[in-house]
Amino acid sequence: MTYFQASDGTSLFYRDWGTGRPVLFVSSWGFSSAMWQYQMIALAEAGLRCIAYDRRGHGRSDDPGRGYTADALADDLAGLIDHLDLRELTLVGHSMGGAEIIRYLTRHGDDQIGGIALVAAALPFPRRTADNPDGIDDAAAEEVRRAWKRDLPGWVAQNAAPFFGVGFPGCDTSPALQDWAVRELGQASLQALVECNKAAIETDFRAEMREVRVPALIIHGDRDVSCPVEITGTKSARLIPHGRLVVYENAPHGIYLTHRDRLCRDLLDFAKR
């Protein structure tokens with residue numbers, strides 16, 4: 001197994017498939033690098049080098065009990081990019097993984113980055129404030145976190161159907177594939193889940209997104225309950241100067257599984273542009 005050391009000594013697991021121009025996948029809240037394996041194998045077979053890592057407190061990486069701020073998580077991403085000396089890199093992030101990519105760009109620069117793909121990203125600012133009235137109320141977010149602390153598996157089971165788009169036309173996920181994805185989420189540290197959620201919801205990326213200089217592909221489903229496209233993908237496309245929004249019809253938040261073939265094609269075209 002392959003690991004690298006973050007700046008604070010935390011050991012982080014990564015997988016590295018294929019050769020060619022590099023694509024680095026940043027996982028969603030709660031999930032390990034395994035979530036990306038269907039995209040990774042397709043792009044690797046098409047001649048790209050595909051890398052993904054387990055965020056601290058997730059999957060096979062260390063659970064250090066700290067380092068869940070936007071800055072620290074972006075530094076972990078930078079550590080892997082430097083460790084592998086990646087150039088002309090395409091960054092792909094799902095949900096909160098998109099936020100880590102934006103903070104990486106503003107904190108570490110874009111000299112090594114050729115483009116970014118934000119897939120169902122929790123951007124630009126999920127929290128409700130006076131100037132962001134359609135965001136998530138603090139009390140509602142805290143109630144969800146309390147539910148996780150009482151019974152995380154129960155909460156996941158109750159919310160799995162909209163994540164996978166059960167009943168939506170064209171959503172292609174077998175019960176076995178859904179069970180596999182749910183088990184992946186169960187491997188994450190409860191502390192990491194709580195702290196990462198706070199960072200993802202409470203960090204305002206609007207000003208940073210206006211400063212993004214690299215091409216950006218923004219992919220979102222129009223049936224995403226976790227991150228509704230009207231307050232995420234649509235706003236992101238308006239903020240990023242070179243952002244292009246592609247909306248998948250009847251696609252939920254778990255778009256990387258339900259629409260994996262189309263997502264693979266779009267990511268391959270973007271990475272090879």
Side-chain angles (χ1 to χ4, degrees), residues 3-14 24-33 35 52-83 91-110 112-113 116 118-129 131-132 135-146 148-149 152 185 187-212 226-227 232 236 239-240:
Y3 291 85
F4 74 100
Q5 298 296 312
S7 58
D8 66 352
T10 300
S11 183
L12 302 178
F13 169 81
Y14 69 95
L24 199 163
F25 293 86
V26 186
S27 300
S28 178
W29 171 88
F31 291 95
S32 74
S33 55
M35 69 168 280
Y53 67 104
D54 293 354
R55 184 184 292 108
R56 58 178 60 218
H58 293 63
R60 303 184 205 182
S61 291
D62 284 353
D63 180 14
R66 64 186 184 279
Y68 299 110
T69 65
D71 284 351
L73 295 172
D75 290 349
D76 289 347
L77 173 56
L80 179 56
I81 293 172
D82 291 345
H83 175 72
L91 290 170
V92 180
H94 179 269
S95 197
M96 76 164 286
E100 286 161 279
I101 288 173
I102 297 298
R103 181 54 57 89
Y104 168 84
L105 292 176
T106 55
R107 189 168 168 83
H108 296 276
D110 60 11
Q112 294 164 256
I113 310 303
I116 62 173
L118 306 175
V119 182
L123 290 165
F125 185 28
R127 186 183 194 182
R128 180 179 297 171
T129 58
D131 67 344
N132 193 47
I136 300 168
D137 181 73
D138 285 347
E142 186 54 39
E143 177 55 34
V144 170
R145 290 190 286 263
R146 282 196 293 268
W148 298 341
K149 295 173 187 177
L152 177 64
L185 193 148
Q187 295 180 23
S189 153
L190 182 57
Q191 186 199 32
L193 294 178
V194 170
E195 296 302 321
C196 284
N197 177 261
K198 289 179 181 177
I201 289 178
E202 297 174 4
T203 307
D204 185 351
F205 291 95
R206 289 176 292 184
E208 295 173 62
M209 294 176 76
R210 295 187 182 98
E211 302 301 319
V212 172
S226 302
C227 296
T232 53
S236 296
L239 288 169
I240 297 176

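With salt bridges taken as basic N to acidic carboxylate O contacts below 4.0 Å, one links Glu143 and Arg146. Between Arg127 and Asp138, at least one side-chain N (NZ, or NE/NH1/NH2) sits under 4.0 Å from a carboxylate O, which counts as a salt bridge.
At a threshold of 4.5 Å between non-hydrogen side-chain atoms, the residues Ile116 and Asp110 do not count as touching. The shortest side-chain heavy-atom distance between Leu239 and Arg206 falls under the 4.5 Å cut-off. In this structure the side chain of Ile136 never reaches within 4.5 angstrom of the side chain of Val144, judged on heavy atoms. By the 4.5 Å heavy-atom criterion applied to side chains, Met209 and Ser236 are counted as neighbours. You'll find the side chain of Pro124 stays beyond 4.5 Å of the side chain of Ile102, heavy atoms only. At least one side-chain heavy atom of Asp82 sits under 4.5 Å from a side-chain heavy atom of Gln112.
A distance-only check finds a donor-acceptor pair linking the side chain of Asp54 to the backbone of Arg60 [under 3.5 Å].
Exactly one residue among Arg55, His94, Met96 makes a side-chain contact (heavy atoms from CB on, under 4.5 Å) with Val26. That residue is Arg55. Of the candidates Asp63, Asp62, Asp8, Asp8 is the only one forming a side-chain hydrogen bond (donor to acceptor under 3.5 Å, both in side chains) with Arg56.
The distance from the NE2 atom of His83 to the CZ atom of Phe4 is 7.5 Å, given to the nearest 0.5 Å.
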**OP:** Test Asp71 against Thr69 for side chain to side chain donor-acceptor pair (under 3.5 Å), laying out the working first.
**Re:** CA-CA 5 Å; Asp71 284 351; Thr69 65; 5.6 Å; no

